[in-house]
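None of these values were measured; they are calculated from a predicted model.
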2 protein chains.
Amino acid sequence: MNSLSEENYLKAIYKLREKNNAPITTNAIAEAMDTKASSVTDMLKKLSAKDLIHYRKYQGVRLTSRGEKTALMIIRKHRLWEMFLVKKLSFRWDEVHMVAEQLEHINSDKLIEQIDKLLDYPKFDPHGDPIPDSKGRIETQKVKLLSGLKRKSSGIMKGVDDHDPSFLRYLDKEGLALGCRIQVTDIIEYDRSLKISVDNKKELYISHEVAKNILIG
Amino acid sequence: MNSLSEENYLKAIYKLREKNNAPITTNAIAEAMDTKASSVTDMLKKLSAKDLIHYRKYQGVRLTSRGEKTALMIIRKHRLWEMFLVKKLSFRWDEVHMVAEQLEHINSDKLIEQIDKLLDYPKFDPHGDPIPDSKGRIETQKVKLLSGLKRKSSGIMKGVDDHDPSFLRYLDKEGLALGCRIQVTDIIEYDRSLKISVDNKKELYISHEVAKNILIG
DNA sequence: AATTATTTTTAGATATGTCTAAAAAAAATA
DNA sequence: TATTTTTTTTAGACATATCTAAAAATAATT
Ligand SMILES: [Mn+2]
Ligand SMILES: [Mn+2]
Ligand SMILES: [Mn+2]
Ligand SMILES: [Mn+2]
């Protein structure tokens, strides 16, 4: 078995890879994990010895297939727990991440399979992120950033890129939730802020920064 | 916050006290935790410094009210999770303990209150043990050991003292479950084994050892 | 290509939780 | 009460995971 710390490193490496598709550097991991580069180096040696990553000094790192499988199982648990908290325990989408960070390390195959079943095998979590199935397979949805849409174009809100609770609560306040139909009514050139209509009902102004973190599909 | 190890010690101390109602010795804790006396001494100093136990060298130990409250909250979480696993995720009563040992350390007030609510505030866990409420209050049921019952006397099976999976599966196989009406039909003097009737339907022979671990109320 | 700056690794320290072996205290026995 | 046995604590070691500071390797600039 892998320690909590090892699991968190694997997850961080997986997510860095997902974002950049470039070799993953010690410093990038250190920043993602909020720790020091020297600590990362120590852990990389450990993960390498366990054949969870490919690691050559100074050359960056990537997951082995064993490492990737392990990372995917942790992410599966994280996202299923988030879904469980929202669907079964009335958590809001801005409250679930912190608790899921703990629950993702619980080790029981039967537990996670039963949670999956109870939720009727959801494909996406409360933030629109895909949930790997029990084999580690992911169903990706093709999405664009709202900030990249042209005037008059529209789509369905499918996810968010920033998971910060304050961002999510802001979206709640403005009535922006997954599944909403969003149309770009106007683009203000000066600061690239947007005027949008939500579900063809209300109109709303949002900043470019906000639009950059909303996924439309 | 307390570490996982600290939480497990507090729980062990609480349970030793529950059994014996005597001062709790270093060796007793070591045996309960499957560790060495020297490790226990180290931890007792730590818990004492945190004002979770009263500890004087060589004099044994007891929980402070803070320590007891903490222990009760861990036990509350353990038993609620066991109940959740049985009632919502189709676990058998012999499978839940190991998983609950992990889940009891998840730290989220909202999570445990919502689990409690989802289960409609159960008073007893799948093994008949009382579940402390959110204030730490316990509703005890007065029970006797089945091994202590006289011939012809009867009662309802309310709990088990041994939580070993193999014991629980044995009870399943014999059709002995919480809520069954059990009547002592005969007592074999030679080995104190019992002939019992279950729900006035089937007759069954059980050893004294088994009877000692069944609670009747 | 040589120098400088940045990144990464190593060396050595600290904190937690564990262990074995030895010392100290308490309990049991003679 | 003195001696022996048992229990408990201390001393010192080890593994994990972290840190700071220094050294080494790589990358960027002149
Ligand atoms: Mn999350
Ligand atoms: Mn999520
Ligand atoms: Mn249990
Ligand atoms: Mn139980």
Non-hydrogen side-chain atoms of A:H97 and A:H78 separated by less than 4.5 Å: yes
A:D129 and A:V160, any side-chain heavy atoms less than 4.5 Å apart: no
Pair listing, side-chain hydrogen bond (donor to acceptor under 3.5 Å, both in side chains) test, anchored in residues 12-22 of chain B, at least two apart: B:R17-B:N21
Qualifying side-chain hydrogen bond (donor to acceptor under 3.5 Å, both in side chains) pairs, either residue in residues 23-40 of chain A, two or more places apart: none
Pairs meeting criterion salt bridge (Lys or Arg N to Asp or Glu O under 4.0 Å) with involvement of residues 38-65 of chain A, two or more places apart: A:E6-A:K50
Within less than 4.0 Å of OP1 or OP2 of [N], is there a side-chain N or O belonging to [X]?
X: A:S5; N: D:dT16; result: no
X: A:T35; N: D:dA17; result: no
X: B:K36; N: C:dT20; result: yes
X: A:K46; N: D:dA17; result: yes

Pairing partner of C:dA30 (Watson-Crick or G-U wobble, both distances under 3.5 Å): D:dT1
Protein proximity profile, nucleotides 3-10 of chain D - base contact B, sugar-phosphate-only contact S, no contact -, cut-off 4.0 Å on heavy atoms: ----SBBB
Salt bridge present between B:K110 and B:E113 (N-O < 4.0 angstrom): no
For DNA chain D, the residues among residues 9-21 of chain B that have a non-hydrogen atom under 4.0 Å from it: none
Salt bridge (charged side-chain N to carboxylate O under 4.0 Å, His left out) involving B:R137 - partner list, sequence neighbours excluded: B:D133
Flag, side chain of A:T64 to backbone of A:L52, donor-acceptor distance under 3.5 Å: yes
